[in-house]
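As structure tokens, the structure follows; a few thoughts come after it.
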Amino acid sequence: MNEAEVREFGDSSTGTVAVQDVALKSVEDVREPGLDPRISISSRPNEDELDESIAHKIGRLVHGSKQQSSVDKEGQFEESEPIYVDFEDGDIRNPVNFPRSKKWAITLLSCFSTLIAASTAGAYNLGFTSMTHDLNITSFQATIGLSLYALGFGIVPLVTASFSEEIGRQPLYVVSAVGVLFMYLMIALAQNLQTVLVARFIQGAFGSTWATMVGGTIADIWTPQERGLPMCIFAVAALGGTGWGPLFAGWIEMNPKLQWRWIQWVQLIVCAVYLIMVPFIMRETRSSIILRRLAKRIRKETGDNRYRARIEDQRVGLLTLIYVACTRPIHLMFTEPVVASFSLWIGFAWGILYCMVESISAVFRDTYHFDVGQRGSIYVTMIIGSLIGFCTNFLQERLYQRNFSNRGPEARLYFACIAAIAVPAGMFIYAWTASPSVPWIAPATGITLFIWAVFIIYLAVFTYLADCYGPFASSALAGQSLCRNLMATAFPLFTEQMFNKLSYKWANTMFGCISLLMIPIPLILFFYGPKIRSRSRFSRMVMDSQR
């Protein structure tokens, strides 16, 4: 990152300073939507606290010590209104103005991380046969590992997603990669079920940042008008990756010399390649974090502590930071109707998806007598459905570009309204054609239609929330991720028992009927979204900043 060139002139006794290459603004001129509206301007930190490290903050929090203010220590500056540092128009340090090649490199690498996280979820299941024999456990006990991965995926972003908005995206990408890699190693070497289950939960916790934070990263560097294709690639990685994992894992499981442990080793190798790429490609994309670094540099060069980034006014105390970071996703999910309704919708669809991850193998084994390799190949329907969604999204993008000026973010929801109908349609096809008398291609078609619909919903959730909540996108997405992954945690635990009691036909029919009740959700947001968003403190801040 290029640093600001700082030059000082004028009367040093008055602290008159001119700063080049950055815009300087008063508090009245700052329109920074990255500030949590729950924090008051009265929480502005003093000069000593501006560049205080986290370690010192923890020390003050634990010991309750207070620092003596440095104001007038050397008689140079008196406490006054701060001067806020901002980007000039066209500044290439602003992530939105990164070169397109750099934007695409960051986007593709972050989507690659999502692919790894998604494939890890489903690949685990295809190793059940050898795992249960090797560890002397039941199939249900092994299934708990699938649920725990989803549980870690849902809970941890409540903290990490908001912290990525406070400390930056880049550090969390590195930490997550290291954590996921070591959990592959832990599972591959596990000698008992307990080790596997603990590692799966921790792995889901680390991998969760790759799902929720990528949406925020894309929102950081692409304008709403440019965001459609990057978000679509992200959705392909997230949903198609869920099918890609079982696809390759099924054939590894078939090889008696490889089986379930090598499913982990192969994924570890892929994750290691990703980790090597991160330092060379990934850059910080959170604009407020970059501005904070620039402000810190200017303070160091000039000795004038009036210069600061607007985000630093809300970093008064560690307890405040922790409170804001940890509660923002929950606050958004329970106070924002947009986040709440989409969380319910995608949560139920995601629960069905994880039921499919758990049940497709059993359905095609019992109904069509597929071997484990063939059963893994059926998961290619998830990849096909995602790719069809990728292609149809170009039509959605045309509608968005044509109607954005009139409809705003709601122009993201045209195909979501169609997908709301396709979800139950796909479930009914899957339910009523999974029979020995009907060719296997028929239920595979139902799965593909369902996956296409879930892809459209998933993409709509991410693009729409990113447009509505801007700098708070990761927190909004973490809120819906909690609901989505809690469903994914619960559904696989009753899948086998449910199918045994209701049969594949009636269990999937029940899912289809519940899906019918959720059809109005995108329709209501499509027609009444602007009115709903205008009553939101968070979304209204983003709307005002874009005017």
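For this chain, numbers begin at 1 and follow the sequence in order. Quantities reported herein were computed from a predicted structural model and do not represent experimental measurements.
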Note to self: Quick one about Gln225 and Tyr400 (side-chain donor to acceptor, distance below 3.5 Å, no hydrogens or angles considered), yes or no?
What the structure shows: no

Item checked: Ser176 and Thr209: side chain donor to acceptor below 3.5 Å -> yes

Report the distance from atom [atom1] of [X] to atom [atom2] of [Y], rounding to the nearest 0.5 Å.
| X | Y | atom1 | atom2 | answer |
| --- | --- | --- | --- | --- |
| Asn403 | Leu413 | CG | CG | 12.0 Å |
| Leu151 | Leu146 | CG | CG | 11.5 Å |
| Met213 | Tyr173 | CE | OH | 4.5 Å |
| Leu465 | Gln480 | CG | CD | 6.5 Å |
| Trp345 | Ser515 | CH2 | OG | 10.5 Å |
| Ile519 | Leu516 | CD1 | CG | 5.0 Å |

Notebook entry, point to check: Under 4.0 Å between a Lys/Arg side-chain N and an Asp/Glu carboxylate O for Arg100 and Glu226?
Noted result: yes

[X] versus [Y], closest heavy-atom pair with distance:
| X | Y | answer |
| --- | --- | --- |
| Ser147 | Pro492 | OG-CB, 3.8 Å |
| Thr433 | Ile429 | OG1-O, 2.5 Å |
| Phe455 | Ser386 | CE1-O, 3.7 Å |
| Ile457 | Ala419 | CG1-CB, 4.0 Å |
| Ile218 | Pro230 | CD1-O, 3.7 Å |
| Ala121 | Tyr354 | CB-OH, 3.3 Å |

Note to self: Does Phe494, at its CZ atom, have more than 12 non-hydrogen atoms belonging to other residues, nucleotides or ligands within less than 6.0 Å?
What the structure shows: yes

Is a side-chain N or O of [X] found less than 3.5 angstrom from the main chain of [Y], in a donor-acceptor match?
| X | Y | result |
| --- | --- | --- |
| Lys103 | Ile221 | yes |
| Arg93 | Leu291 | no |
| Gln203 | Tyr149 | no |
| Ser119 | Thr242 | no |
| Arg299 | Tyr307 | yes |
| Asn508 | Met427 | no |

When you compare the side chain of [Y] with that of [X], does any pair of heavy atoms fall below 4.5 Å?
| X | Y | value |
| --- | --- | --- |
| Tyr414 | Leu395 | no |
| Arg407 | Phe526 | yes |
| Phe206 | Val178 | no |
| Leu459 | Met231 | yes |
| Val96 | Ser287 | no |
| Phe342 | Ile521 | yes |
| Phe428 | Thr509 | yes |
| Ile456 | Trp452 | yes |

Next item on the list: List the steps and the verdict of side chain to side chain contact (heavy atoms under 4.5 Å, CB included) for Trp222 and Thr107.
Entry: CA-CA 10 Å; Trp222 298 99; Thr107 299; 2.9 Å; yes

Checklist line | Pair Tyr430 and Phe450, ring centroids less than 6.0 Å apart | finding: no

Margin query: Before you tell me yes or no, could you show the steps for Ile330 and Leu482 under side chain to side chain contact (heavy atoms under 4.5 Å, CB included), namely the whole-Å CA-CA distance, both residues' side-chain angles and the distance that decides it to 0.1 Å?
Written below: CA-CA 9 Å; Ile330 293 290; Leu482 173 65; 3.7 Å; yes

Next item on the list: Go through the steps for Phe390 and Leu229 under the test side chain to side chain contact (heavy atoms under 4.5 Å, CB included), then give the verdict.
Entry: CA-CA 9 Å; Phe390 178 83; Leu229 182 57; 3.9 Å; yes

Checklist line | Cation over ring face, Arg533 and Tyr469, 6.0 Å, 45° | finding: no

Check: Among Ile346, Leu525, Ile524, whose side chain to side chain contact (heavy atoms under 4.5 Å, CB included) with Ser341 holds?
Finding: Leu525

Checklist line | Worked check of ring pair (Phe, Tyr, Trp, His ring centres under 6.0 Å) between Trp350 and Tyr458 | finding: CA-CA 9 Å; Trp350 214 250; Tyr458 186 82; 5.1 Å; yes

Next item on the list: Test Val278 against Phe112 for side chain to side chain contact (heavy atoms under 4.5 Å, CB included), laying out the working first.
Entry: CA-CA 11 Å; Val278 169; Phe112 183 34; over 6 Å; no

Check: salt bridge (Lys or Arg N to Asp or Glu O under 4.0 Å) between Arg402 and Glu397: does it pass, once the steps are laid out?
Finding: CA-CA 8 Å; Arg402 184 185 305 168; Glu397 273 301 295; over 6 Å; no

